There are 2 protein chains.
Amino acid sequence: MEAEINLSESLEDYLEAIFNLIKENGSARVTDIARYLEIAASSVNQGLKKLNQEGLISQEKYGPIKLTKSGFKAAEKIYCRHKILYIFFNKTLGVSKKNADQDACSIEHALSEESFSKMVEYLIKNNYIEKKNCAFEMNTEKEEVKMTAEQLMLDKIKVGSKVEVVKIESKGRLKRKLMDMGLNRGAKVEVKGKAPMGDPIEIKVRGYSLSLRRDEAAEILVKEV
Amino acid sequence: MEAEINLSESLEDYLEAIFNLIKENGSARVTDIARYLEIAASSVNQGLKKLNQEGLISQEKYGPIKLTKSGFKAAEKIYCRHKILYIFFNKTLGVSKKNADQDACSIEHALSEESFSKMVEYLIKNNYIEKKNCAFEMNTEKEEVKMTAEQLMLDKIKVGSKVEVVKIESKGRLKRKLMDMGLNRGAKVEVKGKAPMGDPIEIKVRGYSLSLRRDEAAEILVKEV
DNA sequence: GATTAGTTTTAGGTTAACCTAAAAATTGGG
DNA sequence: CCCAATTTTTAGGTTAACCTAAAACTAATC
């Protein structure tokens, strides 16, 4: 059905780490991934090159790591598998969280589609998860797992919401300018309004009101708070 | 509890292959293992060297591959894991035999003790297997899986049983002599009687009656028919 | 006992996935 | 703007697990 890319286990691990880090922090840096997987940063770098070649991430030298459309899809799939396995082991077999997680990690790469979908069937029947479109939405422990880990840029944020700056992706002069405005990492930003065409965008940072051009805002990576 | 040897996945695969081949054929040769695992014979050879170093098999140059006590134990454990996983996937989840077997193969190396024993618990509760000592005896499909894969030598065979010659392990003159007696690979042998101390042993091969010294019989690898 | 077919071993390579150490670039503060 | 700390990249290993091709050995027949 799809253009199947056959990733090695370790490349799948990298992708999954990126997915989880973006979900948690809004960005995934080389060192974050290295810490997450407990391997050297230089090894991560090599892995990222391969993911880049496969078109799953896009990354310029020293630039931020972004998932492409297909990368996001692939990562989401792996994430789903992990989650399903985790729930299966932890909830239905009663395996400790630690081991369930660890086992999910080692198995997620290897299990056949059939076994996987039989597990899903079983979990649906026993009401641990609900089927929804082609992905799965978990409703265990009342915690809904949102399946979004795409990078959010400031120009895409709805008026009225509050976000936190993760990174400024531009370089040089523009970056300097934005940072001088107080848009540093960790800065809380509220989107006050947008002009009809979405340009300019009115924001409030550290008490000051600012107006940004849309392409400037598009350089600012944020996360929900 | 035990002296844990940490085997790599591929060494576990070799060990399992040896176990299964001995169980089926009475012996495991390099080419058999290579065919079984679908890899080159020279790769198997390298693997066997490592198993030898770990003390799990004993093998002289060009000689037969024998499991040591600890090798047998390790192989049996892997075999058990495989079987348990296979039953779990096939019987309780309804996964096809082919995929259940394949998945068992890829998972058996990675799964934590805890998950494994939780699966066993589940299978016992649902009556798919019965606990017996520390190993497990499967009683699915009325077929009892015997947990013996140790090499049988002709001197250990009970009076009255019929066996088939798999290999003569000695070399040179003695080997020649035994082969001239008709004890070639595939020859059917019936053990007619043993003297009080087990020496000599009376056998019948290809219609002839022969008498063997015990240490001669100990060189003849046989399998049950 | 010599020959041929088959098996096992050796020799020498490749690849993926890691590593350490050091160089290059970026970040953030003064 | 400059400097120190941090991050990212490069350069140059190592190891396990495979491979092919050829050599050494064994088995089985004539």
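Letters A, B, ... are given to chains in the order of the sequence lines, protein chains preceding strands, and every chain is numbered from 1. Model, not experiment: these values are computed from the prediction.
In this structure, CG on Asn90(A) lies 9.5 Å from NZ on Lys118(B), to the nearest 0.5 angstrom.
The interatomic distance linking Asn45(A) (CG) with dA17(C) (P) rounds to 15 Å, in whole Å. In this structure, the CG atom of Leu48(B) is 11 Å from the C1' atom of dT9(C), given to the nearest Å. For the pair Lys50(B) NZ and dT9(C) P, the computed distance is 15 Å after rounding to whole Å. Taking atom NZ of Lys49(A) as the reference point, atom C1' of dA16(C) lies 15 Å away to the nearest angstrom. Following rounding to the nearest Å, Leu51(A) (CG) and dT9(D) (C1') show an atom-to-atom distance of 16 Å. With rounding to whole Å, His109(B) atom NE2 is found 15 Å from dA16(D) atom C1'. With rounding to whole Å, Gln46(A) atom CD is found 14 Å from dG13(D) atom P. If you take CZ of Arg29(A) and C1' of dT27(C), they are 10 Å apart, rounded to a whole angstrom.
In this structure, the side-chain contact (heavy atoms from CB on, under 4.5 Å) partners of Arg185(A), at least two apart in sequence or on a different chain, are Arg29(A). Every residue two or more places apart in sequence or in another chain that forms a side-chain contact (heavy atoms from CB on, under 4.5 Å) with Val166(A) is listed here: Ser27(A), Leu221(A), Lys223(A). For Phe89(A), there are no ring pair (Phe, Tyr, Trp, His ring centres under 6.0 Å) partners at least two apart in sequence or on another chain. Looking at residues two or more places apart in sequence or on another chain, you find a side-chain contact (heavy atoms from CB on, under 4.5 Å) between Ala195(B) and Pro200(B).
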Pick out the pairs of N or O atoms, protein on one side and nucleotides 20-22 of chain D on the other, that lie under 3.5 Å.
| residue | atom | partner | partner atom | Å |
| --- | --- | --- | --- | --- |
| dT20(D) | O4 | Ser42(B) | OG | 2.8 |

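Contact check on Arg214(A) versus Glu216(A) returns no salt bridge, with no Lys/Arg side-chain nitrogen under 4.0 Å from an Asp/Glu carboxylate oxygen. We find that Lys188(A) and Glu190(A) are not joined by a salt bridge, their nearest charged nitrogen and carboxylate oxygen being 4.0 Å or further apart. Taking 4.0 Å as the cut-off between side-chain N and carboxylate O, Arg81(B) and Glu113(B) count as a salt-bridged pair.
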With B for base contact, S for sugar-phosphate-only contact and - for none (protein heavy atoms under 4.0 Å), nucleotides 24-30 of chain D reads BSSSS--
Between side-chain atoms of residues 201-210 of chain B and protein atoms elsewhere (two or more places apart, or another chain), which donor-acceptor pairs fall under 3.5 Å?
| residue | atom | partner | partner atom | Å |
| --- | --- | --- | --- | --- |
| Arg206(B) | NE | Gly182(B) | O | 3.1 |
| Arg206(B) | NH2 | Gly182(B) | O | 3.4 |

Could you tabulate the donor-acceptor pairs under 3.5 Å formed by side-chain atoms of residues 98-109 of chain B, not counting sequence neighbours?
| residue | atom | partner | partner atom | Å |
| --- | --- | --- | --- | --- |
| Asn99(B) | ND2 | Glu114(A) | OE1 | 2.6 |
| Asp101(B) | OD1 | His82(B) | NE2 | 2.9 |
| Asp103(B) | OD1 | Ser112(A) | N | 3.0 |
| Asp103(B) | OD2 | Ser112(A) | N | 3.4 |
| Asp103(B) | OD2 | Ser112(A) | OG | 2.6 |
| Asp103(B) | OD2 | Ser115(A) | OG | 2.4 |
| Ser106(B) | OG | Gln102(B) | O | 3.0 |
| Ser106(B) | OG | Asp103(B) | O | 3.3 |
| Glu108(B) | OE1 | His82(B) | ND1 | 2.7 |
| His109(B) | ND1 | Glu12(B) | OE1 | 2.6 |
| His109(B) | NE2 | Asp13(B) | OD1 | 2.8 |
| His109(B) | NE2 | Cys105(B) | O | 3.4 |

Output side-chain donor-acceptor pairs under 3.5 Å for residues 34-44 of chain A, partner residues at least two apart or in another chain, one line each.
| residue | atom | partner | partner atom | Å |
| --- | --- | --- | --- | --- |
| Arg35(A) | NH2 | Asp32(A) | OD1 | 3.3 |
| Tyr36(A) | OH | Asn20(A) | ND2 | 2.9 |

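Using a 4.5 Å heavy-atom threshold, the side chains of Leu152(B) and Val163(B) count as separate. Two residues are said to be in side-chain contact when any heavy atoms from C-beta on lie closer than 4.5 Å; Ile65(A) and Leu48(A) meet this criterion.
Counted by atom type alone, Lys23(B) and Tyr79(B) present one or more donor-acceptor pairs between their side chains at under 3.5 Å.
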Can Asn184(B) and Ile168(B) be said to form a side-chain contact (heavy atoms from CB on, under 4.5 Å), step by step? CA-CA 8 Å; Asn184(B) 304 306; Ile168(B) 296 188; over 6 Å; no
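Within residues 8-17 of chain A, the residues that have a heavy atom under 4.0 Å from DNA chain C are, in order of number, Ser8(A), Ser10(A), Tyr14(A). Within residues 30-39 of chain B, the residues approached by DNA chain C to less than 4.0 Å at the level of any non-hydrogen atom are Val30(B), Thr31(B), in residue-number order.
Ring-plane geometry between Phe88(A) and Phe88(B) is classed as perpendicular, the angle between the planes exceeding 60 degrees on a 0 to 90 degree scale with a lower cut at 30.
Each end of the helix from dG1(C)-dC30(D) to dG30(C)-dC1(D) gets its own axis from five base pairs, and the two axes differ in direction by 0°, given to 10 degrees.
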